[in-house]
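To keep things clear, I will list the structure first and then write my remarks on it.
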Amino acid sequence: MIHTWSWIAWLTAALAALSFTRNPLYLAINLLCILIVFLAQHTTAGSSRRAFPMSFYIILVLIAAGFNALMNHFGETVLFSIPGNVPLISGHVTLEAFVYGAINGLVLTGMFAAFSSLNEALPIRSLIRLIPRAFYPVAVVTSIALTYVPTTLRQFDQVREAQKMRGHRLRGLRDWLPLIMPLFIMGLERALQLAEAMTARGLASSQPASGSSRLKLSMLGGLALLPTGWLLSLHRYTLGIVIILIGFAAIVTALWIAGKATPHTNYQHEPWQIGNIPVLLGAAIVAGGYLFASSQHILYYTTYPRLEIPAFDPWIGLISLGLVTPAFVILLQKN
Amino acid sequence: MKNHLLSFAIYLLTTSLGIFSFLYPFFLPDLVQSSPENQLHASEMPWMITLLLGLCLLVLLYEVQSQAANARIIALLGVLIAINSVLRFIEIAMPGPGGFSPIFFLIILTGYAYGGRFGFLMGALTLLVSAFVTGGVGPWLPYQMFTAGWIGMSAPLCRAPARLLGFYQKRHEVFLLCVFGALWGYTYGAIMNLWSWPLIAGPTNQYWAPGVGFAETLRRYAVYYMLTSFAWDTTAALGNIALLLFLGEPILRALRRFQQRFTFLYQPVDRLVGQPAGRPVDQPAILTSPKGRLS
């Protein structure tokens, strides 16, 4: 089992690799690695979810390409022209704009695919566990909601069956009322019972819990520093980034302190296995490598003004392969 | 008093920064053109803004949840969110036309009946839970949560015009909510486009073109919206109207009835000695204020 935090590190690395470059060769390698991870997870887990939605991604790339070609008329290789004075649409449709749009579509596809892999790999309880302790009411509400979703679905089916037996047929929106109202009332009754049960077990506070003023002030200060740093970064980049980091740290620290005040019991510890090390190493190599390459402007590529074959640095290609490590770990564990 | 001021400041700052984050594509081109160094960092902006919005959401959620830390609110929210998530699940299994989605009408109704904070939690957490259920976790989630939270948070704004027109707690208040739902049908789509627009259009050919300023960016967005989203969002707006029109009144009635039923309170027997029978000792802070909103 790959640990939840290892998956988060992998996702961060994948997003960094996808967003730092518009070079289609590197993007293709990244996308391929993500696809392999998805398929490895999907096949070994015997997931009931649908397989990789390839047709959706192809449509996404085509739409992005077509849209960019129609809306942007830069580039030297004219494919055809749209006559007239339609705002933004009329003008030359260029190969460069088409390819640039396709590249943007590829970036979006990669992001979708990375998140799909995460959704495929992590059970819902692991995702809930990621909710910070400071947000325990949110976590409890989320857990209750997730617990009640299957029950509510079952009840929806029961209500539908019962109404069908009475001759009810769905023809228009008005016909949803005999389905929705019983479901809704039953849900509220269940909420009442649950509230009584929770109160009987000691969760009876009726006073709004208010966070300490100091913590709120720290969060406010942190929030104020974020746009300040951002505006400052437009003139003095490093100083701006430092201020953003201070703001970020102020908010995170305040939330961490708020979380420490919340009693917490772990009923199920997630084991840390040796297979996590290559996943974390791979993620670190990809994120670090792309960050360094971006600072050296090695990753830069644009299709404008004339489409050219993108440069390919084998080292960047090799670094990108770090994204595929979860697939190896999953397959090794299976065998 | 101090806590109220701090809470107000948090609401004000997070909402302002949220609006700022959504609108950044409109003023970024001018800023980016101001120096060559800014052009180099232009591609980092979407991530910077996502971080800013995510942190705003966390701080706002922290502030709002502190008002909902009792068993009744937690249970009520949990079950209502489960019902709404099931509606989203059904929508995904049997997609409606265009942008039609059955989840917003319940967010509007709960926000209207129980107040802005409850509405915010209902909107934001519905999107979170349904993302878990349908596998829809992604970089768009903070944007969706924030916007859906705004829908619920702004729903109580309908009460003032309803009172002014003499519609409040009467049959006709649903018509006002229909107008509100229609407005959010378009606004939700227009706001949600903004997170992906800079990524799809591509910064290079948008920002580096000579003469692209605020007005031009706004014009481009208007054309983009009309071409890609207007028809889609029209179905969303019509869907909200239809659902509020057909289901709004009975659901609102049920919500108000349960608002009264949820005012029970358990207390140890020794504390009840000397209290007149049947009198609630300590009303829960939520759901029971005279204005019928979250306190």
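Chain identifiers are assigned alphabetically (A, B, ...) following the order of the sequence lines, protein sequences preceding nucleic acid strands; residue numbering begins at 1 within each chain. Computed from a predicted model, the values in this text were never measured in an experiment.
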Is there side-chain contact between [X] and [Y], with at least one heavy-atom pair below 4.5 Å?
| X | Y | result |
| --- | --- | --- |
| A:F115 | B:L141 | no |
| B:Y62 | A:L215 | yes |
| B:F246 | A:L177 | no |
| B:I81 | A:T142 | no |
| A:F135 | B:L58 | yes |

To the nearest 0.5 Å, tell me how far [X] [atom1] sits from [Y] [atom2].
| X | Y | atom1 | atom2 | answer |
| --- | --- | --- | --- | --- |
| B:L51 | A:F248 | CG | CZ | 5.5 Å |
| B:L80 | A:Y148 | CG | OH | 12.0 Å |
| B:L76 | A:I144 | CG | CD1 | 10.5 Å |
| B:F132 | A:I128 | CZ | CD1 | 6.0 Å |
| A:W176 | B:L247 | CH2 | CG | 10.0 Å |

Results of side chain to side chain contact (heavy atoms under 4.5 Å, CB included) for A:R129 - residues two or more places apart only: A:R125, A:Q268, A:E270

Checking heavy atoms, do the side chain of [X], its backbone, both or neither come under 4.5 Å from chain A?
| X | answer |
| --- | --- |
| B:L245 | neither |
| B:I10 | both |
| B:V86 | side chain |
| B:L128 | side chain |
| B:L61 | both |

Candidate pair A:V141 and B:L121, rule side chain to side chain contact (heavy atoms under 4.5 Å, CB included), full reasoning: CA-CA 10 Å; A:V141 169; B:L121 286 172; over 6 Å; no

Examine whether an atom of [X] lies under 4.5 Å from a heavy atom of chain B, and if so say whether it belongs to the side chain, the backbone or both; otherwise answer neither.
| X | value |
| --- | --- |
| A:L255 | side chain |
| A:I251 | side chain |
| A:Q193 | neither |
| A:I244 | side chain |

Sub-3.5 Å donor-acceptor pair from the side chain of B:Q65 to the main-chain atoms of A:A134, do we have one? yes

Can A:L226 and B:L17 be said to form a side chain to side chain contact (heavy atoms under 4.5 Å, CB included), step by step? CA-CA 9 Å; A:L226 292 174; B:L17 286 178; 5.5 Å; no

Qualifying residues under salt bridge (Lys or Arg N to Asp or Glu O under 4.0 Å), relative to A:R214, sequence neighbours excluded: none

Could you walk me through whether B:R253 and A:M181 pass the side chain to side chain contact (heavy atoms under 4.5 Å, CB included) test, one step at a time? CA-CA 11 Å; B:R253 230 178 13 236; A:M181 276 316 286; over 6 Å; no

In A:L188, A:T152, A:I180, the residue satisfying side-chain contact (heavy atoms from CB on, under 4.5 Å) with B:I83 is A:T152

Taking it one step at a time, do B:L255 and A:F184 satisfy side chain to side chain contact (heavy atoms under 4.5 Å, CB included)? CA-CA 9 Å; B:L255 284 173; A:F184 191 69; 3.6 Å; yes

Chain B shares the most heavy-atom pairs under 4.5 Å, among A:A145, A:A258, A:P227, A:P132, with A:A145

Which atom pair, heavy atoms only, marks the closest approach of [X] to [Y]?
| X | Y | result |
| --- | --- | --- |
| A:L194 | B:A75 | CD2-CB, 3.8 Å |
| B:A9 | A:L220 | CB-CD1, 3.7 Å |
| A:T199 | B:A71 | OG1-CB, 3.7 Å |

When heavy-atom pairs shorter than 4.5 Å are enumerated against chain A, which of B:P250, B:A124, B:A242, B:A254 gives the highest number? B:P250

Chain A shares the most heavy-atom pairs under 4.5 Å, among B:L55, B:T14, B:L87, with B:L55

